[in-house]
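Comments concern the structure below.
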Amino acid sequence: MINVNKEEYVKEKIKFLTELLKLFWITIIAIGGGTISLLLNLDNKIKVFLLFVGAFTEIILISLTLRLLIKIEDYIELLSKLNNKEADK
């Protein structure tokens with residue numbers, strides 16, 4: 001019974017992290033588009049500043065997304081182990 005609850009918890013955690021991953025990808029695409037449009041039209045200092053802010057934000061978001069992917073893979077591996085233990089019983 002405890003494994004079933006843990007299995008459900010892991011499944012829900014994977015679903016939540018997957019939705020968060022989708023949100024990260026959408027944000028990366030949106031900020032990336034804005035950053036590229038600023039790069040193509042640099043005519044004052046504010047745009048240069050915003051370009052660097054956008055590039056910095058992109059780097060942070062990409063690193064968080066990679067960490068999130070690793071975490072999702074860990075949870076999938078844990079779920080697989082839980083399923084194997086359940087099948088062995």
Side-chain angles (χ1 to χ4, degrees):
M1 185 74 174
I2 293 174
N3 281 341
V4 174
N5 290 337
K6 189 170 186 177
E7 184 178 329
E8 287 300 317
Y9 170 77
V10 172
K11 284 181 183 178
E12 290 300 318
K13 190 75 170 179
I14 290 171
K15 288 178 187 176
F16 171 74
L17 293 176
T18 304
E19 290 299 319
L20 191 59
L21 181 68
K22 290 177 190 177
L23 178 66
F24 278 11
W25 277 117
I26 291 169
T27 306
I28 287 171
I29 290 169
I31 292 175
T35 304
I36 289 172
S37 72
L38 285 171
L39 182 64
L40 296 175
N41 189 14
L42 289 175
D43 56 0
N44 60 25
K45 292 181 181 182
I46 293 173
K47 288 183 180 179
V48 172
F49 173 74
L50 291 174
L51 173 71
F52 285 117
V53 169
F56 180 74
T57 305
E58 283 287 313
I59 292 169
I60 297 298
L61 277 172
I62 289 170
S63 65
L64 287 174
T65 302
L66 292 174
R67 289 187 61 189
L68 185 60
L69 279 169
I70 292 169
K71 189 170 215 159
I72 290 171
E73 288 176 357
D74 290 343
Y75 275 112
I76 290 172
E77 185 177 321
L78 177 62
L79 183 62
S80 175
K81 287 179 183 178
L82 288 173
N83 286 336
N84 288 340
K85 285 182 183 178
E86 188 84 14
D88 289 341
K89 287 184 178 181

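None of these values were measured; they are calculated from a predicted model.
Judged by distance alone, with hydrogens and angles left aside, the side-chain atoms of Ser80 form no donor-acceptor pair with the main-chain N or O of Ile76 at under 3.5 Å.
Lys71 has its side chain out of reach of Arg67: every pair of non-hydrogen atoms, C-beta onward, lies at least 4.5 Å apart. Leu68 has its side chain within reach of Ile72: a pair of non-hydrogen atoms, C-beta onward, lies under 4.5 Å apart.
In this structure, the side-chain contact (heavy atoms from CB on, under 4.5 Å) partners of Thr57, at least two apart in sequence or on a different chain, are Ile31, Val53, Leu61. The side chain to side chain donor-acceptor pair (under 3.5 Å) test applied to Asp43 returns Lys47, not counting sequence neighbours. Shown here are the side-chain contact (heavy atoms from CB on, under 4.5 Å) partners of Ile29, two or more places apart in sequence or in another chain: there are none. With sequence neighbours left out, the side-chain contact (heavy atoms from CB on, under 4.5 Å) criterion links Leu69 to Leu21, Leu66. Considering only residues two or more places apart in sequence or on other chains, Asp74 meets the side-chain contact (heavy atoms from CB on, under 4.5 Å) condition with Ile70. For Lys22, the side chain to side chain donor-acceptor pair (under 3.5 Å) criterion is met by Glu19, not counting sequence neighbours.
Here the CD atom belonging to Glu7 is positioned 4.5 Å from the CG atom belonging to Asn83, to the nearest 0.5 angstrom.
Of all heavy-atom pairs between Ile14 and Tyr75, the closest is CG1-CB, 3.6 Å.
Counting heavy atoms of neighbouring residues, nucleotides and ligands inside a 6.0 Å radius, atom CD1 of Ile46 does not exceed 12 of them.
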